[in-house]
Protein chains: 2
Amino acid sequence: MPEAAARTRIQEKNISAILDAALEVFSGAGFRGATLDQIARAASLSKPNLLYYFKSKEAIHRALLSELLDTWLAPLRTLDSGGEPVDEIVRYVMRKLDMARELPRESRLFANEIVQGAPHIFDIIEGPLKALVDEKASLIRKWTAEGRIAEVDPYHLIFSIWATTQHYADFDAQVRGILRPERDRHFDDAARFLTHLYRTALTPD
Amino acid sequence: MPEAAARTRIQEKNISAILDAALEVFSGAGFRGATLDQIARAASLSKPNLLYYFKSKEAIHRALLSELLDTWLAPLRTLDSGGEPVDEIVRYVMRKLDMARELPRESRLFANEIVQGAPHIFDIIEGPLKALVDEKASLIRKWTAEGRIAEVDPYHLIFSIWATTQHYADFDAQVRGILRPERDRHFDDAARFLTHLYRTALTPD
DNA sequence: CGTGATCCTGACCAATTGGTCAAACTCTCC
DNA sequence: GGAGAGTTTGACCAATTGGTCAGGATCACG
């Protein structure tokens, strides 16, 4: 890939076309399931031209993951010590659910990666992601200690929020097969259900 | 594959070796990520010998999925109208969580399949699975109507149970990366958390 | 023990796939 | 408008992969 520092107009356009195409293909087929030909076709470029911008399939994948990781974790970062704890967490759930609706490809990209053992991002999970989760977990523990939310394991609370929200993107095929809903209708129902679930479980007795 | 009706001792042994090897490989790499060589090696057979028992890679995958589907859905089938509703559902959650611990490969096999759009089992999802879920959803609705559990959308309740429990198998790499726990310790914490989550959310006010 | 069915293998094949390269084309900027 | 950097491509390659096949080994059974 040409230097990021000074990008041509053409580079700008093609690199973002490639990343978008790669997101489409990788998220639908996983790393090994995706082929350079598919990505090239989706980006309307020839295969050698792809490899002019990225030196390998791996390089495209790596670039995609690191480009999207920040976006993906942004909602958790905004979990803040100001505000009413239960509201704060329910708001986080709603933001994550919105992301599952708006960015299902991104969700599935990470799902594919992690289901297969996170071979390309395990160091990020153990490092920066763990650090972020640790930080938010102790915030939640503080809230518990102050009696402002019910006593729950903060790590498993976070896991359950990830699981329940991302489910609607990652397992979309199953959800649609069972509900056969009109477009996106079920997200509203999911929002209502999850609000109830977390509000009742977190409100201190 | 030779007739199921009358199986040789050798067939019995090799077919189950193949299916076990295939479970290992497919669950870790997805359908396209898996290769016949890997499966053959894991089963200690030659590749042509694999293809003596199953006529294609697809055939192995199909056989695996249909063999495991019943096991996988058994816990939902046992959700029964007898007994206290909240206990009944919490018991279902615990059984699903046990399965994530005991049968993570099976969970990941289905996860891989569904994340990638369920190409091989969409008809099963729309058919028998939907029928089963519909049936249990109306049981839950009945409980709601009788005031024996809180008012919740039964479909999204079931989705959330699948999501939260299977998460520990499917996203194991992430869970381990963040918790770094001693072997399986975190399943006990998860059980406690999920019990609290569903008990409080489902107990009628 | 022999014979037919079952089981197994090495050699092979065609298609796909990630990747290379030299040559040609096109843009930018003086 | 021309020189040099930047961009694109067709032809090609080696490795991998799913699958075939003819023949040989082994087993069950009368």
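Protein chains get the first letters and strands the later ones, always in sequence-line order, with residue 1 at the start of each.
A/Lys96 places no side-chain N or O within 3.5 Å of a backbone atom of A/Ala163 that could act as its donor or acceptor partner. Judged by distance alone, with hydrogens and angles left aside, the side-chain atoms of A/Gln116 form a donor-acceptor pair with the main-chain N or O of B/Ala29 at under 3.5 Å. Looking at A/Ser138, its side chain does come within 3.5 Å of a backbone N or O of A/Asp134 through a donor-acceptor pair.
Enclosure of atom CD in A/Glu151 is not indicated, since only 12 or fewer non-hydrogen atoms of other residues, nucleotides or ligands lie within 6.0 angstrom.
Within the structure, salt bridge (charged side-chain N to carboxylate O under 4.0 Å, His left out) contacts touching residues 106-115 of chain B (residues at least two apart or in different chains) do not occur. Residue pairs meeting the ring-ring contact (aromatic ring centres under 6.0 Å, His included) criterion with at least one member in residues 82-104 of chain B: none, sequence neighbours excluded.
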### Message
Evaluate A/Glu135 against A/Leu76 for side chain to side chain contact (heavy atoms under 4.5 Å, CB included), listing each step before the verdict.
### Response
CA-CA 10 Å; A/Glu135 180 201 325; A/Leu76 183 54; over 6 Å; no
### Task
Let me see the working for A/Ser160 and A/Tyr198 under side chain to side chain donor-acceptor pair (under 3.5 Å), right down to the final yes or no.
CA-CA 10 Å; A/Ser160 83; A/Tyr198 288 105; 2.7 Å; yes
### Message
Using the rule given for side chain to side chain contact (heavy atoms under 4.5 Å, CB included), can you reason through B/Leu23 versus B/Leu19, listing the C-alpha separation, both sets of side-chain angles and the distance that settles it, and then say yes or no?
### Response
CA-CA 6 Å; B/Leu23 174 57; B/Leu19 289 177; over 6 Å; no
### Task
Start with the C-alpha gap between A/His61 and A/Phe54, add the side-chain angles, then the distance that decides, and say whether side chain to side chain contact (heavy atoms under 4.5 Å, CB included) holds.
CA-CA 10 Å; A/His61 193 243; A/Phe54 293 89; over 6 Å; no
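Across residues 16-26 of chain A, not one residue has a non-hydrogen atom less than 4.0 Å from an atom of DNA chain C. Within residues 27-50 of chain B, the residues that have a heavy atom under 4.0 Å from DNA chain C are, in order of number, B/Arg32, B/Ser46, B/Pro48, B/Asn49. Annotation: proximity of residues 110-121 of chain A to DNA chain D (heavy atom, distance under 4.0 Å) is found for no residue.
One atom, CZ of B/Arg7, and another, P of D/dA28, lie 17 Å apart when rounded to the nearest Å. Distance CG (A/Leu51) to C1' (D/dT8): 12 Å, rounded to an integer number of Å. Taking atom NZ of residue B/Lys57 and atom P of nucleotide D/dT17, one finds them 9 Å apart after rounding to whole Å. We find that CZ of A/Phe54 is positioned 13 Å from P of D/dT8, with the value rounded to whole Å.
Axis deviation across the helix from C/dC1-D/dG30 to C/dC30-D/dG1 amounts to 20°, comparing end segments of five pairs, rounded to 10 degrees.
Side-chain contact between B/Lys57 and B/Phe26 is present, with at least one heavy-atom pair separated by less than 4.5 Å. Put simply, the side chain of B/Arg62 does not reach to within 4.5 Å of the side chain of B/His120, judged on heavy atoms.
Candidate nucleotides C/dC7, D/dG18, D/dT8 were compared by shortest atom distance to the side chain of A/Tyr52, and D/dT8 ranks first.
Contact check on B/Arg91 versus B/Glu88 returns a salt bridge, with a Lys/Arg side-chain nitrogen under 4.0 Å from an Asp/Glu carboxylate oxygen.
Between B/Asn14 and C/dC8, a side-chain N or O to OP1/OP2 separation shorter than 4.0 Å is present. Phosphate contact (OP1/OP2 of C/dT6, side-chain N/O of B/Gln11, threshold under 4.0 Å): absent.
Judged as a ring-ring contact (aromatic ring centres under 6.0 Å, His included), and not counting sequence neighbours, the contacts of A/Phe171 are A/His167. Take A/His196 and apply the ring-ring contact (aromatic ring centres under 6.0 Å, His included) test, not counting sequence neighbours, and it matches no residue. Residues satisfying the side-chain hydrogen bond (donor to acceptor under 3.5 Å, both in side chains) criterion with A/Arg41, sequence neighbours excluded, are absent altogether. For A/Asp153, there are no salt bridge (charged side-chain N to carboxylate O under 4.0 Å, His left out) partners at least two apart in sequence or on another chain.
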### Task
Could you encode protein contacts along nucleotides 23-30 of chain C as a string, one character per nucleotide from 5' to 3', using B for base contact, S for sugar-phosphate-only contact and - for no contact, with a heavy-atom cut-off of under 4.0 Å?
----SS--
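Ring pair A/Tyr168/B/Phe159 is perpendicular by interplanar angle, where above 60° counts as perpendicular and below 30° as parallel.
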Restricting to nitrogen or oxygen on both sides, can you table the protein-nucleotides 22-24 of chain D pairs closer than 3.5 Å?
none

